[in-house]
Amino acid sequence: MNDLAKYKAKSGKLVPVWTLEIQTLPDDTDKILDAVMRVNPLSFGRYQRNASISAVGAETAQPETGSTTTTHVDGFEAGATETYPVVELKISIERNLAILETVMDAILHVHHYEEPVIFVREDWASRANYNPASDNPNRWWNNGRGLPDRIG
């Protein structure tokens, strides 16, 4: 048994999860999250649809002969470099193979690439001893600052 399974602190515990890191177009994150939500709530404690989305970066590749790029983009030469905007969408799910298969199928169905870059990691996620009435001065409802401004 992994020592992390025995982890217990006053603040909470750790649970085994799979973290999926999906490289995608910035405008496709909601489409992917909506597809996953049809098969999994993406729960984290008492919240659902939990995900993180990185800032926009760049992805680059050199498509080979017979790739969809060389097949569908007129004039594209195999081996030429292409670069596009990308974000990393991270979600975590229960470490259960049947759940992973269902979530991966949902992602692969709506992803814009035929061969999406998806990393799956065995991780441990924190679960706090939940207390929405906590008087801890660092909690957003007690710290005088409140929640940050919403971006969406």
Side-chain angles (χ1 to χ4, degrees), residues 1-7 9 11-128 130 138-141 143 145-152:
M1 177 188 270
N2 189 310
D3 286 341
L4 290 177
K6 300 176 196 171
Y7 171 90
S11 58
K13 63 182 180 175
L14 298 174
V15 297
V17 298
W18 272 315
T19 299
L20 283 71
E21 184 178 277
I22 306 140
Q23 293 180 8
T24 190
L25 294 171
D27 293 340
D28 283 356
T29 56
D30 282 328
K31 180 169 74 168
I32 292 170
L33 287 171
D34 291 345
V36 171
M37 286 292 294
R38 287 191 280 279
V39 298
N40 186 281
L42 295 177
S43 296
F44 201 97
R46 295 184 185 175
Y47 295 84
Q48 295 185 353
R49 201 178 192 270
N50 285 277
S52 67
I53 303 166
S54 72
V56 178
E59 66 176 334
T60 186
Q62 294 179 333
E64 298 176 0
T65 301
S67 67
T68 55
T69 301
T70 60
T71 301
H72 294 286
V73 177
D74 290 336
F76 192 90
E77 293 184 31
T81 299
E82 58 181 4
T83 304
Y84 300 103
V86 69
V87 295
E88 293 177 346
L89 171 62
K90 290 182 190 176
I91 59 175
S92 67
I93 59 173
E94 178 184 342
R95 208 181 293 172
N96 174 299
L97 191 56
I99 292 172
L100 177 63
E101 291 167 348
T102 303
V103 168
M104 287 293 290
D105 284 347
I107 295 167
L108 292 171
H109 180 71
V110 299
H111 201 284
H112 69 287
Y113 283 155
E114 80 284 4
E115 187 68 41
V117 178
I118 302 172
F119 295 98
V120 178
R121 291 189 309 272
E122 290 184 340
D123 284 326
W124 291 83
S126 64
R127 294 298 187 266
Y130 192 79
N138 296 299
R139 301 296 177 255
W140 65 265
W141 58 92
N143 69 12
R145 293 178 296 161
L147 290 170
D149 292 338
R150 290 185 181 164
I151 58 174

The reported gap from CG in Asp105 to NE2 in His109 (rounded to nearest 0.5 angstrom) is 10.0 Å
Within a 6.0 Å radius of atom CD on Glu77, are there more than 12 heavy atoms belonging to other residues, nucleotides or ligands? no
Test side-chain contact (heavy atoms from CB on, under 4.5 Å), reference Ile91, set Asn50, Leu20, Ile32, output is Leu20
Heavy atoms of Pro26 and Val56 approach each other most closely as CG-CG2, 3.8 Å
So CZ of Phe119 and NZ of Lys90: to nearest 0.5 Å the spacing works out to 11.0 Å
Rounded to the nearest 0.5 Å, the OG1 atom of Thr83 sits from the CD atom of Gln62 at a distance of 9.5 Å
Residues Ala51 and Leu33: closest non-hydrogen pair is CB-CD2, 3.7 Å
_Checking the side chain of Ser43 only, and the main-chain atoms of Gln48 only, is there a donor and an acceptor separated by less than 3.5 Å?_
no
Does a side-chain heavy-atom distance below 4.5 Å link Met104 with Trp18?
-> no
_Any heavy-atom pair between the side chains of His111 and Ile22 that's under 4.5 Å?_
yes
Shortest non-hydrogen pair, Pro63 vs Ala80, comes out as CD-O, 3.4 Å
message = Counting neighbours of OH on Tyr130 that are heavy atoms of other residues, nucleotides or ligands and sit closer than 6.0 Å, is the number greater than 12?
response = yes
Inset, instruction - Before giving the answer on side-chain contact (heavy atoms from CB on, under 4.5 Å), spell out for Ile99 and Asn40 the whole-Å C-alpha distance, their side-chain angles and the decisive distance to 0.1 Å. - result: CA-CA 8 Å; Ile99 292 172; Asn40 186 281; 3.4 Å; yes
When every non-hydrogen atom of Phe76 is compared with those of Thr70, the smallest separation belongs to CD2-CG2, 4.0 Å
From the list Thr71, Thr69, Thr65, side-chain contact (heavy atoms from CB on, under 4.5 Å) with Ser67 holds only for Thr69
Taken to the nearest 0.5 Å, the spacing of His112 NE2 from Leu25 CG works out to 3.5 Å
Value for CD (Glu88) from CD (Glu21), rounded to nearest 0.5 Å, stands at 4.0 Å
Correct closest heavy-atom pair for Ala106 and Ala35 would be CB-O, 3.8 Å
Heavy atoms of Thr24 and Asp28 approach each other most closely as OG1-CB, 3.5 Å
Compare all side-chain heavy atoms of Arg49 with those of Asp34 and state whether any distance is below 4.5 angstrom.
-> yes
Exercise for review: Please tell me if the side chains of Ile118 and Leu108 come closer than 4.5 Å, counting only heavy atoms from C-beta onward.
Suggested key: yes
Test log, rule side-chain contact (heavy atoms from CB on, under 4.5 Å), inputs Leu42 and Ile93: CA-CA 6 Å; Leu42 295 177; Ile93 59 173; 3.9 Å; yes
Side chain proximity check, Asn138 to Asn143, heavy atoms < 4.5 angstrom: no
Rounded to the nearest 0.5 Å, the CG atom of Asp123 sits from the CZ atom of Arg95 at a distance of 7.5 Å
* Could you tell me whether the side chain of Arg127 reaches within less than 4.5 Å of the side chain of Phe44, counting heavy atoms only? => yes
